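Notes follow the structure.
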2 protein chains.
Amino acid sequence: MEYLVKESESGNYLNEHGIKPSYQRIRIWNYLINTKEHPSVDMIYRSLAPDIPTLSRSTVYNSLSLFVERGIAQSILIDESETRYDADVSLHGHFHCRICGRVYDFALDSSSLKFRLPQGFTADSTQVCCQGICSGCADKKSSASPSAAR
Amino acid sequence: MEYLVKESESGNYLNEHGIKPSYQRIRIWNYLINTKEHPSVDMIYRSLAPDIPTLSRSTVYNSLSLFVERGIAQSILIDESETRYDADVSLHGHFHCRICGRVYDFALDSSSLKFRLPQGFTADSTQVCCQGICSGCADKKSSASPSAAR
DNA sequence: GTATCTGCAAAACATTTGCAATTCT
DNA sequence: AGAATTGCAAATGTTTTGCAGATAC
């Protein structure tokens, strides 16, 4: 994988958020920011384990929980079977493709959400999740059986 | 619990959606539509089991999966630990209270969601989930320690 | 009587926890 | 040395699966 962010920068970033930048945490953090796949604990573990043979899943769980706690990542509710994570904590929507399973981001500014919570309710986080079929999978479907009305 | 919907009506409703209305399915369905608590499998099981001693969790899982498959219920992604279900499949938002754990509905018409998916993406379902503190818990907090700035 | 549905037990996963070994300063 | 972090193994909790018995038509 091509790294877009240097490890030293990640170390500083973690430090700034009160997280001691251990080797494992830096690697996990870098994986999270350099991928757009909104990975699960297991995806991260399986990607890094060949390279860090002693890595354990607990460490991945611990690190991600810490990132969420310090507000530099969010856990996203999109997959019923396992929790997935996102280093982008700004307001944006998620689209989960029912065919390929990929999770895509889409723009979502506060003016596009015009609902009102009941009186006295205060929200600290809002997630918008769509389920459907992504453009890539829609293309494959139509080219595989151009005339079939599936 | 006070039943708001008759069992015979539920049986017809299930039938209309291609679900054979067994005794267990009717009871599970009635529980789901007569409660506003967005229950989990376990909440349903524990509520019905005293009354239907032979009921098993598998049956609750099976029935709910069937309801979702036939489009008369939806599983809602709000709780990280267990899946919760809702018999209201119309567009509406969910609010999950971090303190009491209750899930509330709130109105959400299509005009209040003004975002655009990427080109070629089609969504068949959209969920809006907020996390925060409900009015009841906010009241308790402020009355318990009126001057404390927690 | 046959097909479907149910219930139990076991299996399969995801996640958490306790603790000992390791690492960092 | 002392504090924090890591890794393993066991525990926990949710969900799925296989199958035998029960039920419905």
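A note on names: the letters A, B, ... follow the listed sequences, proteins ahead of strands, and every chain is numbered from 1. All of these numbers come straight from a predicted model, not from anything done at the bench.
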Seminar exercise, completed: Outer limits of DNA chain D sitting under 4.0 Å from a non-hydrogen atom of chain A, read 5' to 3', are dA4(D) to dA9(D)

For this session: Apply the test ring pair (Phe, Tyr, Trp, His ring centres under 6.0 Å) to residues F95(A) and F121(B): give CA-CA distance (whole Å), side-chain angles for both, the deciding distance (0.1 Å), then the verdict.
Result: CA-CA 9 Å; F95(A) 181 97; F121(B) 283 55; 4.9 Å; yes

Exercise. Ring pair (Phe, Tyr, Trp, His ring centres under 6.0 Å): which pairs involve residues 36-76 of chain A, sequence neighbours left out?
Worked result: W29(A)-F67(A), H38(A)-H94(A)

Exercise. Going 5' to 3' along DNA chain C, which nucleotides are the first and last within contact of chain A (any atom under 4.0 Å from a heavy atom)?
Worked result: dA14(C) to dT17(C)

For this session: Any chance you could measure S135(A), atom OG, to L117(B), atom CG, to the nearest 0.5 Å?
Result: 10.5 Å

Problem set entry | Residue pair Y31(A) / S47(A), side-chain donor-acceptor N/O under 3.5 Å | yes

Exercise. Under a 4.0 Å heavy-atom cut-off, which of residues 49-59 of chain A touch DNA chain C?
Worked result: S58(A)

For this session: Without swapping roles, check the side chain of R84(B) against the backbone of L77(B) for a donor-acceptor pair under 3.5 Å.
Result: no

Exercise. Relative to the 5' end of DNA chain D, which residue comes earlier, Q24(A) or S65(B), by the nucleotide with the nearest heavy atom?
Worked result: Q24(A)

Exercise. Under 4.0 angstrom, heavy atoms only, what part of the nucleic acid is S40(A) near: base, sugar-phosphate, or nothing?
Worked result: nothing

Problem set entry | Transitive ILVMFWY side-chain link L48(A) to M43(A), under 4.5 Å | no

Exercise. Measuring from C137(B):SG to R102(B):CZ, what's the distance to the nearest 0.5 Å?
Worked result: 6.5 Å

For this session: Any salt bridge (charged side-chain N to carboxylate O under 4.0 Å, His left out) involving residues 85-94 of chain A? Give me the pairs, sequence neighbours left out, ordered by first then second residue.
Result: none

Exercise. Have R25(A) and Y23(A) got a donor and an acceptor in their side chains that come within less than 3.5 Å?
Worked result: no

For this session: Could you note down all residue pairs passing salt bridge (charged side-chain N to carboxylate O under 4.0 Å, His left out) where residues 31-50 of chain A supplies at least one of them, sequence neighbours left out?
Result: D42(A)-R46(A), D42(A)-R57(A)

